[in-house]
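Source: prediction; values computed, not measured. Basis for what follows: all heavy atoms, side chains included, without hydrogens, waters or symmetry-related copies.
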Amino acid sequence: MPELPEVETTLNGIAPYLSGQTLSGIKVRDRRLRWPVTRGLEQKASGQKIRFLERRGKYILLGLEHGGLLIHLGMSGSMRVLTEPAPPQAHDHFDLETSAGQVIRYRDPRRFGCLLWHSGDVRKHPRLKNLGIEPLDSVFNGKVLYDAARSRRVAVKNLIMNGEVVVGVGNIYASESLFDAGIHPHRSCHRISLERYERLSQSIRKILANAIRQGGTTLRDFVRTDGRPGYFEQQLLVYGREGQSCDRCDGEIRKTVIGQRASYYCPGCQH
DNA sequence: ATCGCCTCCTGCGCGC
DNA sequence: TGCGCGCAGGAGGCGA
């Protein structure tokens with residue numbers, strides 16, 4: 001699914017068509033998302049001016065004059081800016097429409113995403129309350145990870161995928177970041193030095209920023225708002241490359257399972 | 001507080 | 001060619 005770079009890419013794609021506009025309507029075709037889309041959400045949001053549009057972790061926040069919307073792309077979600085009227089396809093669950101005539105169409109085959117209404121400032125939505133630090137924020141550094149690791153015993157890969165510690169790092173970028181930092185994904189988070197966490201935090205920032213520049217990673221479902229794929233897949237050095245040779249040491253990339261998730265690493269480069 | 005496990009859902013690629 | 005199985009980018013919720 002969309003991890004931080006894909007959500008950021010999506011946000012950048014829809015922002016020109018939504019910022020400063022009036023949300024004239026919402027068409028919900030299928031309310032069965034991660035949480036059912038509440039009845040009356042369309043009525044509450046429609047006719048309001050869009051005050052702000054921002055990302056928090058993997059959530060997209062759409063702030064209105066009164067209340068706001070919280071959107072998540074789940075594992076398979078994407079949003080498209082329609083260039084012309086088109087009949088909705090399978091899994092096109094809702095449309096956002098602006099008074100300027102733009103239609104933003106949300107698709108999510110697996111329906112793990114969500115569209116939530118919040119009557120107050122959407123930035124205060126309970127779902128956002130326990131989210132950790134933004135990895136691209138200047139306050140994110142090695143000490144954040146090191147401190148979080150003091151009370152925990154999980155594998156370092158699980159630590160950096162824990163949204164209460166740092167947001168936006170999903171399964172692909174966790175593997176890529178750990179490879180970049182030379183840290184074995186199975187290593188206990190408790191047994192990593194502050195110095196190595198400093199390097200890891202820099203790797204996370206570097207990988208995510210680079211992925212955003214490439215428009216994210218498209219493995220299956222993700223597309224940008226203009227329908228093009230993201231191009232970061234070509235720069236994946238370990239994810240999905242089991243059995244292939246490492247670009248750095250020529251060793252063989254391995255696959256393991258951590259926390260029920262596939263994890264890829266190079267035994268020669270990561271310790 | 002932390003952790004591991006299970007769950008939601010659909011589609012696809014693989015092996016037989 | 002057809003079918004069953006395992007697996008897929010997230011993350012909430014549960015019991016221990």
Does dG13(C) have OP1 or OP2 sitting under 4.0 Å from an N or O in the side chain of R127(A)?
yes
Rounded to whole angstroms, how far apart are CZ on R261(A) and P on dA8(C)?
8 Å
Residues two or more places apart in sequence or in another chain: which of them pass ring pair (Phe, Tyr, Trp, His ring centres under 6.0 Å) with Y17(A)?
none
Going by side chain to side chain contact (heavy atoms under 4.5 Å, CB included), name the residues that satisfy it together with E42(A), two or more places apart in sequence or in a different chain.
I26(A), V28(A), R31(A)
Taking the six-membered ring of F52(A), is the NZ or CZ of R123(A) close enough (under 6.0 Å from the centre) and on axis enough (within 45°)?
yes
Answer yes when R56(A) and E134(A) have at least one side-chain N-carboxylate O distance shorter than 4.0 Å, and no when they do not.
yes
Parallel, tilted or perpendicular, as decided by the 30° and 60° cut-offs, for the rings of Y146(A) and Y197(A)
perpendicular
Sequence neighbours excluded, which residues qualify as ring pair (Phe, Tyr, Trp, His ring centres under 6.0 Å) partners of Y239(A)?
Y264(A)
DNA chain B in dot-bracket form (Watson-Crick or G-U pairs under 3.5 Å, [ ] crossing, | inter-strand) is .|||||||.|||||||
Nearest-angstrom distance from the residue atom CG of L131(A) to P of dA11(C)
9 Å
Take the angle between the ring planes of F232(A) and Y173(A) and call it parallel below 30°, perpendicular above 60°, tilted in between.
tilted
So does G57(A) get a backbone contact from the side chain of R55(A), meaning a donor-acceptor N/O pair under 3.5 Å?
yes
Ion pair check, E65(A) and R51(A), cut-off under 4.0 Å
yes
Comparing nearest nucleotides in DNA chain B, the 5'-proximal residue of the pair R34(A), D221(A) is R34(A)
Listing time: all N or O pairs from protein to nucleotides 12-15 of chain B that are below 3.5 Å?
none

Strand contacts (DNA chain C) in residues 106-121 of chain A, 4.0 angstrom heavy-atom criterion:
R110(A), F112(A)
Counting the atoms with a prime plus P, OP1 and OP2 as sugar-phosphate, which does S151(A) contact under 4.0 Å by heavy atoms, base, sugar-phosphate, or nothing?
sugar-phosphate
Which part of the nucleic acid, if any, lies within contact of Y239(A), taking any heavy atom under 4.0 Å across all strands shown: a base, the sugar-phosphate backbone alone, or nothing?
sugar-phosphate
Just N and O in the side chain of H91(A): are any of them under 4.0 Å from OP1 or OP2 of dT10(B)?
no
Salt-bridged, D95(A) to R29(A), with N to O below 4.0 Å?
yes
Is the shortest distance from a Lys or Arg side-chain nitrogen in D180(A) or R248(A) to a carboxylate oxygen in the other one below 4.0 Å?
yes
From CA spacing to verdict: side chain to side chain donor-acceptor pair (under 3.5 Å), S76(A), D108(A)
CA-CA 5 Å; S76(A) 57; D108(A) 182 11; 2.6 Å; yes
Looking at every strand, decide which applies to F232(A) at a 4.0 Å heavy-atom threshold: base, sugar-phosphate, or nothing.
nothing
For a quick test of reading the model: is some side-chain N or O of S76(A) closer than 4.0 Å to OP1 or OP2 of dA8(C)?
no
From the set dC3(B), dG12(C), dG10(C), return the single nucleotide nearest to any side-chain atom of M161(A).
dG10(C)
Per atom distances to the K255(A) side chain, the nearest of dG10(C), dA8(C), dT2(B) is dA8(C)
Provide, to the nearest angstrom, the distance between the CD1 atom belonging to I71(A) and the C1' atom belonging to dG10(C).
17 Å
